[in-house]
Q: 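Quick one: the structure is below, and I'll ask about it shortly.
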Amino acid sequence: MTTRLTPDICVIGGGSGGLSVAAAAAAFGVEVVLIEKGKMGGDCLNYGCVPSKAMIAAGKHAHAIAEAPQFGVSAGEVKVDFRKVHNHVHSVIGAIGPNDSVERFRAMGVNVIEAAAHFTDKSTVLAGDTEIRARRFVIATGSSAFVPPIPGLDTVDYLTNETLFERTRAPKHLIVIGGGPIGMEMAQAHRRLGAEVTVIEGFKALGKDDPELAAIVLDNIRAEGVAILEGSKVTLVEKRGKTGVRVHYESDSGAGQIDGSDLLVAAGRLANVEGLGLDKAGIEHDRRGIKVGANLRSSNSRVYAIGDVAGGLQFTHVAGYHAGLVVQQILFRAPARENRDIIPWATYTDPELAHVGLTEEEAAKRHGGRISVLRWPYAENDRAQSERKTRGLIKMVVDRKARILGVSIAGAGAGEMINMWALAITNGMKLKDVRGYVPPYPTMAEIGKRAAITYYAPMTRKPFVRWLVRFLRRFG
Ligand SMILES: Cc1cc2nc3c(=O)[nH]c(=O)nc-3n(C[C@H](O)[C@H](O)[C@H](O)COP(=O)(O)OP(=O)(O)OC[C@H]3O[C@@H](n4cnc5c(N)ncnc54)[C@H](O)[C@@H]3O)c2cc1C
């Protein structure tokens, strides 16, 4: 028998974006239905950010042991028990999971339905045997790994982000198709945990980031022993023996093949629009996702789309930001528009790579070339020297009035350091706002202030003057 519900809001998808909308609506006493067909918490908790960062943390510990002799400390040979790494990853998911659980959301007053949802017309969604006619719908169905149509790929047991973290044995030789943030993070983590790793990338690895900074990260990952083949297109995948794979590729320098024990496909993401009945609901969409305006409304004015399915930047903090914008419009009837220029992102390789605002290229285009680019290397920072984390650079782009347009950082703690610059850019701050603040010594955050000061004192861009500034700062 069909149950009929008429809540204020119906959210489809219980991941980063959907949970935030549902929690906010419930907190304001608004009647809300949340529909989730898989695991609450979505990709981020179960197959994305959380397990990947937990695995990176395991790799970091292994690497720290290997590096310890440089500090006069020795912990012996690095030994990795991959089953225990798996247990660590899943215990982290388990620790965070209760925050996103069905029980917690029901206790908040959210009506959680565990089923797949689809539209049957412009204002009705069906989930199992429940029919929902809501005042507003929010689609937050996320994205899935894009599996390219490579001949032979369907004949092997390839891994994606949904299966990678289930492994209890270390791969002997992991081949990764795709050198984006997910591919590079997992390549380095597995290398540090003892696997041989080859990354095959069709264009440039970490190609969405500033090439000068991406090069710093890629050089380090290569130095740790990961083979990164750029400009190489995979042409064929074959089974090799019982469980192995052979990957054929072509590049400008000719064709080649690599044998591996495991294959990870990390070749981009596809928005989850299939099976949602979007055409029946008059919701325009394409391969990239649901088409939305800056207010995140779809072509059906009753329906919003947020997070990965909205076809823009695909990060958990973006899904959370979108949720806030949608809540503002639905609950308070206040206009809200997405501003992509203030959204930071970070790749959690070692060194980390982070960015916010305009890249040098974008800024030059928008400001007709009237920009200044400021830099400061990690090697000129005392804390970075003490920690032996000297590989890195901050790069800052400012306009003619010294307004900060964009900041990119490659180096230790870049994902943390970018926070301050995200705040600066969100608030339209200028370099003079940074000039006056006092960072504690010795911190790596000083690197940002040093870069800012070079704007006023171009002489400090010279190595000797940089040395003098550091000397005076320490003893002056
Ligand atoms: C390996 C990896 C690492 C990542 N690391 C980071 C990181 O470090 N930082 C970061 O910011 N981002 C990271 N991301 C991206 C991040 O996971 C996503 O941007 C984020 O999860 C998107 O949130 P969402 O709400 O749009 O979708 P999701 O969190 O994926 O939630 C979508 C939910 O909708 C459900 N659903 C789909 N269709 C239906 C349907 N028809 N009916 C009912 N339910 C449905 C799904 O089951 C899923 O639970 C990573 C992603 C991956 C794959």
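We count ligands from 1, going down the list as the structure has it; atoms in each ligand are counted the same way. Values in this document were obtained by computation on a predicted structure and should not be read as measured data.
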Q: For Ser408 and His355, test the side chains for any donor-to-acceptor distance below 3.5 angstrom and give the result as yes or no.
A: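 Note: Ser408 and His355 side chains meet the donor-acceptor criterion.
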Q: With a 6.0 Å cut-off (strictly less than), is the heavy-atom count around CD of Glu274, excluding the residue itself, greater than 12?
A: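 Open: at most 12 neighbouring heavy atoms sit under 6.0 Å from CD of Glu274.
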Q: Flag yes if more than 12 heavy atoms outside Glu166 fall under 6.0 Å of its CD atom; otherwise flag no.
A: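 Enclosed.
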Q: Classify the ring geometry of His317 against Phe315: parallel below 30°, tilted from 30° to 60°, perpendicular beyond 60°.
A: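 Taking Phe315 first and then His317, their aromatic rings lie parallel (interplane angle under 30°).
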Q: Kindly tell me which protein residues have any non-hydrogen atom under 4.0 angstrom away from an atom of ligand 1, grouped by chain and ordered by number?
A: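 The 4.0 Å shell around ligand 1 contains Ile12, Gly13, Gly14, Gly15, Ser16, Gly17, Ile35, Glu36, Lys37, Gly38, Lys39, Gly42, Asp43, Cys44, Tyr47, Gly48, Cys49, Ser52, Lys53, Ala115, Ala116, Ala117, Ala140, Thr141, Gly142, Asn161, Ile182, Arg269, Leu276, Gly307, Asp308, Gln314, Phe315, Thr316, His317, Ala319, Tyr348.
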Q: Restricting to non-hydrogen atoms, name the atom on Arg222 and the atom on Ile228 that form the minimum distance, rounded to 0.1 Å.
A: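 For Arg222 and Ile228, the tightest heavy-atom pair comes out as NH2-O, 3.2 Å.
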Q: Any idea which heavy atoms bring Tyr348 and Ile56 closest together, and the distance?
A: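 Looking at all heavy atoms of both residues, the closest pair is O-CD1, 3.4 Å.
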